[in-house]
Participant: 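I have a structure I would like to understand better, so I am pasting it below and will then ask my questions one at a time.
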Amino acid sequence: MITTWQNVRLQFRQEACVIFFFLLIWKHVGEVRRILYVVDRPQISGSAVRFEPLVGLNRTGYSRPIGSLGFPRFRRRFSIGRPLLLRRSSSTFSGGGGGSGESDGDDKGFIADAERDGSGSVLGFQLSPPGDQKIFGTSTDETTHQGEKKEAIDETVMADFGVPGNRAVEEGATEVGVPSGKAEVVNNIVFVTSEAAPYSKTGGLGDVCGSLPIALAGRGHRVMVISPRYLNGTAGDKNYARAKDLGVRITVNCFGGSQEVSFYHEYRDGVDWVFVDHKSYHRPGNPYGDSKGAFGDNQFRFTLLCHAACEAPLVLPLGGFTYGEKSLFLVNDWHAGLVPILLAAKYRPYGVYKDARSILIIHNLAHQGVEPAATYTNLGLPSEWYGAVGWVFPTWARTHALDTGEAVNVLKGAIVTSDRIITVSQGYAWEITTVEGGYGLQDLLSSRKSVINGITNGINIDEWNPSTDEHIPFHYSADDISEKVQCKMALQKELGLPIRPECPMIGFIGRLDYQKGIDLIQTAGPDLMVDDIQFVMLGSGDPKFESWMRSMEETYRDKFRGWVGFNVPISHRITAGCDILLMPSRFEPCGLNQLYAMRYGTIPVVHGTGGLRDTVENFNPYADGGAGAGTGWVFTPLSKDSMVSALRLAAATYREYRESWEGLMRRGMTQNYSWENAAVQYEQVFQWVFMDPPYVS
């Protein structure tokens with residue numbers, strides 16, 4: 001028998017369920033009322049209008065409508081910052097459900113940009129009347145209603161998206177079929193970098209920051225690149241000739257005093273190139289040092305750069321108006337690593353840059369901007385933020401028994417405070433989380449692996465094009481490779497080698513240092529010279545390797561040539577003239593020379609590390625029914641024997657299997673490593689970075 005108390009409990013449970021169900025319905029009714037309020041506007045009162053969310057990239061890699069009512073988890077994930085397309089309908093809203101009819105004629109509808117409060121809730125929509133507006137990243141034919149979408153979404157794929165080592169970023173862009181030209185969502189992007197070609201360059205960082213901004217600007221983004229205005233008394237100073245003084249001066253408080261910096265500006269290729277000017281950037285040498293070593297005040301020089309970069313979007317009226325607070329900062333390596341820390345420590349606590357985001361791009365983790373702990377006060381940060389950059393060396397790395405190992409590590413602070421992290425290849429994104437590749441930061445990076453993505457660098461396909469290259473004597477393409485042998489013979493003649501088109505020619509281009517595996521080439525030299533090959537090297541660096549190159553040339557006059565230094569035209573001619581390019585790097589975050597080589601039909605032989613492993617597919621002669629697959633040879637482990645074996649296998653294939661060799665050449669020449677392709681992958685990360693709140697403490 002049920003007691004009175006039990007009846008009360010049962011009735012209470014029933015009423016609670018009814019109240020919960022009523023509140024759930026009322027929540028969704030509120031959403032509908034809020035949208036219908038926007039629809040009821042004089043501008044569009046003449047005919048019925050239905051909301052149709054734009055289709056675009058999402059974490060599953062599927063083309064899918066965005067912002068479905070009643071599913072707040074998916075709405076928040078996919079709809080933030082997305083515009084809605086409103087179409088006129090041939091039918092009116094009614095209880096008969098006729099509101100889903102298709103638009104007639106060439107009516108293009110309205111564009112509605114959602115206005116949101118600080119929590120992300122929709123406050124309303126700003127409507128634009130019909131006209132010639134274009135919705136970036138979609139078209140009328142591509143727009144699909146959620147009810148019409150038949151493909152199910154695999155939530156496991158969504159959860160795994162963005163984890164280092166997978167190919168989610170690349171495949172996400174290709175599966176949706178992102179149209180080239182314009183981006184789906186445009187941003188105000190601010191690159192902060194210590195070098196940007198052609199103004200300043202010492203390696204791959206300069207190439208990236210000189211080319212990626214142009215590709216992003218071409219897709220509709222507003223892009224600014226901020227770097228120092230280096231004047232070193234050489235011909236390179238002419239690169240800044242067109243940059244004009246903006247007449248803006250700011251004061252940076254750091255290093256125990258006030259420093260005044262100014263800004264120069266050049267608008268080129270759709271990009272605002274901004275140069276921070278200070279007397280510390282005016283000295284002989286490269287951006288980081290001279291023949292005597294690294295500059296002792298590099299921490300000061302790049303602290304100035306970071307402070308100035310944070311102010312530039314607020315104070316520089318480029319094109320008549322500033323970039324504003326809702327900017328996306330792309331900070332490159334430790335030189336710009338202070339930017340995300342400054343945003344979190346000095347700006348957001350006062351309501352500035354609360355809508356900005358920062359992405360750290362790691363080009364080389366080996367360089368971290370480590371200085372003694374006593375220099376923390378020089379950085380211009382609040383005292384309570386020492387923990388962000390504080391660093392303690394392990395015991396074995398300390399100089400003496402009384403050394404506490406305390407230091408400041410700018411790159412460590414950037415890893416902690418940036419909203420997302422990008423590396424320049426997927427393989428490197430994994431390597432930096434390992435003991436071997438983490439340089440002491442592997443645990444910290446592992447803790448943030450959910451926001452780390454790897455995107456392979458692109459190359460300038462106009463500059464590196466064998467069909468138009470002004471530096472090579474003959475031109476060829478994937479459709480007609482017959483002139484490549486003429487480039488080889490011209491190179492042999494130029495270098496004074498015997499003209500033998502049938503002899504495999506191996507090339508090396510790069511710095512002469514331990515990272516690039518030069519010691520391995522040095523050890524393998526006598527073994528390689530026994531074979532019927534020719535070997536050409538171009539580079540500079542460690543004096544002992546430069547001397548070794550000279551002695552090799554004296555010993556093997558008919559087989560070896562070494563060019564000490566760097567020369568752009570000769571690098572193009574070596575890339576076009578050689579049959580094989582050797583890259584035995586110990587680690588290589590991305591690597592560009594193997595991309596240039598494949599573009600020119602030169603077969604790369606590389607150590608399986610970082611970006612080399614990602615970009616070079618090992619040759620398999622039995623794939624595709626004997627047609628073959630792959631673009632080169634990847635050897636591992638890093639040893640003399642494995643390297644020599646790979647080179648001998650490549651040379652034998654060149655001599656004895658010409659059809660397979662030509663297949664290797666053509667597959668490499670048709671690979672897509674353009675900056676346009678890389679820019680699409682960056683845009684996917686841009687969408688993700690605005691889904692979460694910024695770092696604040």
Participant: Would you call K484 and D579 a salt bridge, using N to O less than 4.0 angstrom?
Facilitator: no
Participant: Do S540 and E546 have a side chain donor and acceptor closer than 3.5 Å?
Facilitator: no
Participant: Taking the six-membered ring of Y654, is the NZ or CZ of R658 close enough (under 6.0 Å from the centre) and on axis enough (within 45°)?
Facilitator: yes
Participant: Y264 ring centre to R229 NZ or CZ under 6.0 Å, with the angle to the axis within 45°?
Facilitator: yes
Participant: For D614 and Q426, does a side-chain donor sit closer than 3.5 Å to a side-chain acceptor?
Facilitator: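 On atom types as modelled, these side chains do not qualify, holding no pair under 3.5 Å.
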Participant: Taking R500's backbone N and O only, do any of them form a donor-acceptor pair with Q492's side chain (distance below 3.5 Å, no angle check)?
Facilitator: yes
Participant: Would you mind checking if R613 and E588 are paired as a salt bridge, meaning a charged N to carboxylate O distance below 4.0 Å?
Facilitator: no
Participant: On the ring face of Y514, is R586 found with NZ or CZ under 6.0 Å from the centre and within 45° of the axis?
Facilitator: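 Positive - R586 is close enough to the ring of Y514 and near enough to its axis.
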Participant: Is there a donor-acceptor contact under 3.5 Å from the side chain of R561 to the main chain of G496?
Facilitator: yes
Participant: Could you tell me whether E502 and R655 have a side-chain N and a carboxylate O separated by less than 4.0 Å?
Facilitator: no
Participant: Around atom CZ of R242, are there more than 12 heavy atoms of other residues, nucleotides or ligands at under 6.0 Å?
Facilitator: no
Participant: Can you list the residues that meet the ring pair (Phe, Tyr, Trp, His ring centres under 6.0 Å) rule with Y240, with sequence neighbours excluded?
Facilitator: Y199, F275
Participant: Does H335 have any ring pair (Phe, Tyr, Trp, His ring centres under 6.0 Å) partners at least two apart in sequence or in another chain, and if so, which?
Facilitator: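 Counting only residues at least two positions away or on another chain, H335 forms a ring pair (Phe, Tyr, Trp, His ring centres under 6.0 Å) with Y288, F302.
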Participant: Salt-bridge test for D297 and R283: reply yes if a basic N is under 4.0 Å from a carboxylate O, no otherwise.
Facilitator: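 So D297 pairs with R283 through a salt bridge.
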Participant: Using a 6.0 Å distance limit plus a 45 degree cone around the ring axis, check whether R599 lies over the aromatic ring of W464.
Facilitator: no
Participant: Please name the residue in the list L581, I580, I506 that meets the side-chain contact (heavy atoms from CB on, under 4.5 Å) test with V605.
Facilitator: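 Single pass found, and it is I580.
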